[in-house]
There are 2 protein chains.
Amino acid sequence: MSDKLTFRQQQVLDCIRQFLSDTGMAPTRAELAELMGFQSKNAASDHLRALERKGYVRLHNDRSRGIQMLDAALWPEDELPVVGKVAAGLPIEAIENVERSVPVPQGMFRQRPTYLLRVQGDSMKDAGILDGDLIAVRKSNMARSGQIVVARIDDDVTVKTLKLGNGSATLMPANDDYSPITVGADQLVIEGIFVGLIRDAV
Amino acid sequence: MSDKLTFRQQQVLDCIRQFLSDTGMAPTRAELAELMGFQSKNAASDHLRALERKGYVRLHNDRSRGIQMLDAALWPEDELPVVGKVAAGLPIEAIENVERSVPVPQGMFRQRPTYLLRVQGDSMKDAGILDGDLIAVRKSNMARSGQIVVARIDDDVTVKTLKLGNGSATLMPANDDYSPITVGADQLVIEGIFVGLIRDAV
DNA sequence: AAGGGCACTGTTCTTTTCGACAGTATCCAT
DNA sequence: ATGGATACTGTCGAAAAGAACAGTGCCCTT
């Protein structure tokens, strides 16, 4: 859809977004140059032309502050994949598992999730995580004790609260009908950390 | 908070909002004058000064297109207000209660919510609704038995599962530590229906 | 080694835009 | 009846802003 930006172009785009959010208007070439530390406002012009060419902004000719952020730039990569049933052995984000994708705005969760996971079963119901809920997961291979994590033991993926002992790890369910699972720390693969939840009522 | 606008001032404000949404930038005095049909751009200037005085916009001096819409004027499409502590007796969407607003994409919930409500207390914890969660609520003054509703008895607003009997209504908590509340159907005001939930992990 | 994209500096010219000033007319409250 | 708020028309000068042009240097691919 939109071309990839260079590092500098990304900085310029972020700078415009910031200015827009602070003042409600787009920066002029001169303001942009000053914010980015350019000596010449033509440097800003060049970047703007690049951003327009790549589809991130629209420039209104001969209009002051005529920089219009397009969707691609305004809500960057806000579509997250929803992972459903996890095929044994495959990495959790394998394309085959993508159920659909859901737009998740920047800032909806304090920690930006990497993907969404459809919860199966009620082993975490006392933590308010019910069957069918979508949980927002930040991909990570480490976690602290006490965090709710998406973890894999052998080829089994589950959502549980992590408790770390010395050399061992325990996955605690939040439901009296289930029992904790303790394994050696080396047998456990952390897939990600629970950062939020979305539930759609019937 | 903000003064009442005259009819013409409201039209000008709407006009600016429209222009902003179409082009991503605020109109100049001249553009505003043309859109409103003024012969003189000073008419636009006068209106802008009035809008600033009344707290709807902020004018950035000597900056082109320096019209910044303030919160009072801007309730953007995707953004839903988050209602916090509900002041007794006031309608639930009273401006005073707005904590902040959160972008909620179209289609995130099957039923489009009207506002979000910050949950206080754990009376619905067995339904997976925890203290601090944001629930998505569709404003409605009617509900079916079995739905989770936001309801008011006198000046108390709570979230409970609704059970309707003949002539009476029962609000069922989802927590053994709380008891059901049964009242006459006429004493109960339904504020809205639970349509979804958003949780932000620490 | 040659060309192209990227990332700038520096300058000039023209248009856009703001802001200030000088008026007019209507309505409303004191 | 008088003053103030509202709602405009019309003009002007100065500052702000965009656009175009002429360069430089770096890196990467061919």
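Chain identifiers are assigned alphabetically (A, B, ...) following the order of the sequence lines, protein sequences preceding nucleic acid strands; residue numbering begins at 1 within each chain. Every heavy atom of this structure was used, including side-chain atoms; hydrogens, water molecules and symmetry mates were not.
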Q.
From the set D/dT9, D/dA7, C/dT17, return the single nucleotide nearest to any side-chain atom of B/S40.
A. D/dT9
Q: Check B/R118, B/K125, B/R199, B/Q120 against B/D133 for a side chain to side chain donor-acceptor pair (under 3.5 Å) and give me the one that passes.
A: B/R199
**Q.** Nearest-angstrom distance from the residue atom CD1 of A/I67 to C1' of D/dA17
**A.** 11 Å
Q | Length of the line joining B/N42:CG and D/dT11:P, which is rounded to integer Å | A | 13 Å
Q | Atom pair distance, as rounded to whole Å: CG in A/L32 and C1' in C/dT9 | A | 16 Å
Q: Just do the side-chain contact (heavy atoms from CB on, under 4.5 Å) check on A/M172 and A/K160 with the steps written out, would you?
A: CA-CA 6 Å; A/M172 302 288 294; A/K160 295 284 184 303; 5.8 Å; no
Q: Please state how far atom CZ in A/R49 lies from atom C1' in D/dG18, giving the value in whole angstrom units.
A: 10 Å
Q: Would you mind telling me which residue lines up with the more 5' stretch of DNA chain D, B/R8 or B/D62, judged by nearest nucleotide?
A: B/R8
Q.
Counting the atoms with a prime plus P, OP1 and OP2 as sugar-phosphate, which does A/A30 contact under 4.0 Å by heavy atoms, base, sugar-phosphate, or nothing?
A. nothing
Q: Heavy atoms only: give me the nearest A/K139-A/T114 pair and the separation to one decimal.
A: N-OG1, 2.8 Å
Q) Whole-Å distance between D/dT6 P and B/F7 CZ? A) 16 Å
Q: Tell me whether the OP1 or OP2 atom of D/dT6 has a side-chain N or O from B/R53 closer than 4.0 Å.
A: yes
Q | Shortest side-chain distance from B/R29, nucleotide among C/dC18, C/dA7, C/dC6 | A | C/dC18
Q: Grab the NE2-P distance between B/H60 and C/dT17 for me, whole Å please.
A: 17 Å
(Q) C/dA7, OP1 or OP2 - any side-chain N/O from A/T6 closer than 4.0 Å? (A) yes
Q: Take the protein atom CD of B/Q9 and the nucleotide atom P of D/dC8, then report the distance between them rounded to whole Å.
A: 10 Å
Q.
Please tell me if B/R65 has a side-chain N or O lying less than 4.0 Å from either OP1 or OP2 of D/dA17.
A. no
Q. Any donor-acceptor pair under 3.5 Å joining the side chain of A/D46 to the base of C/dC8?
A. yes
Q) Quick one: which of D/dA17, C/dG10, C/dT17 gets closest to the side chain of A/Q39? A) C/dG10
Q) Can you tell which of D/dT9, C/dC18, C/dT9 lies closest to the side chain of B/K41? A) C/dC18
Q. Would you say A/R110 has more than 12 foreign heavy atoms packed within less than 6.0 Å of its CZ?
A. yes
Q: State which of D/dA17, D/dT6, D/dG10 makes the closest approach to the side chain of A/S64.
A: D/dA17
Q. To the nearest Å, how far apart are B/Q11 CD and D/dC8 C1'?
A. 14 Å
Q) Looking at A/Y115 and A/V150, what are the two nearest heavy atoms and their distance? A) OH-CG1, 4.5 Å
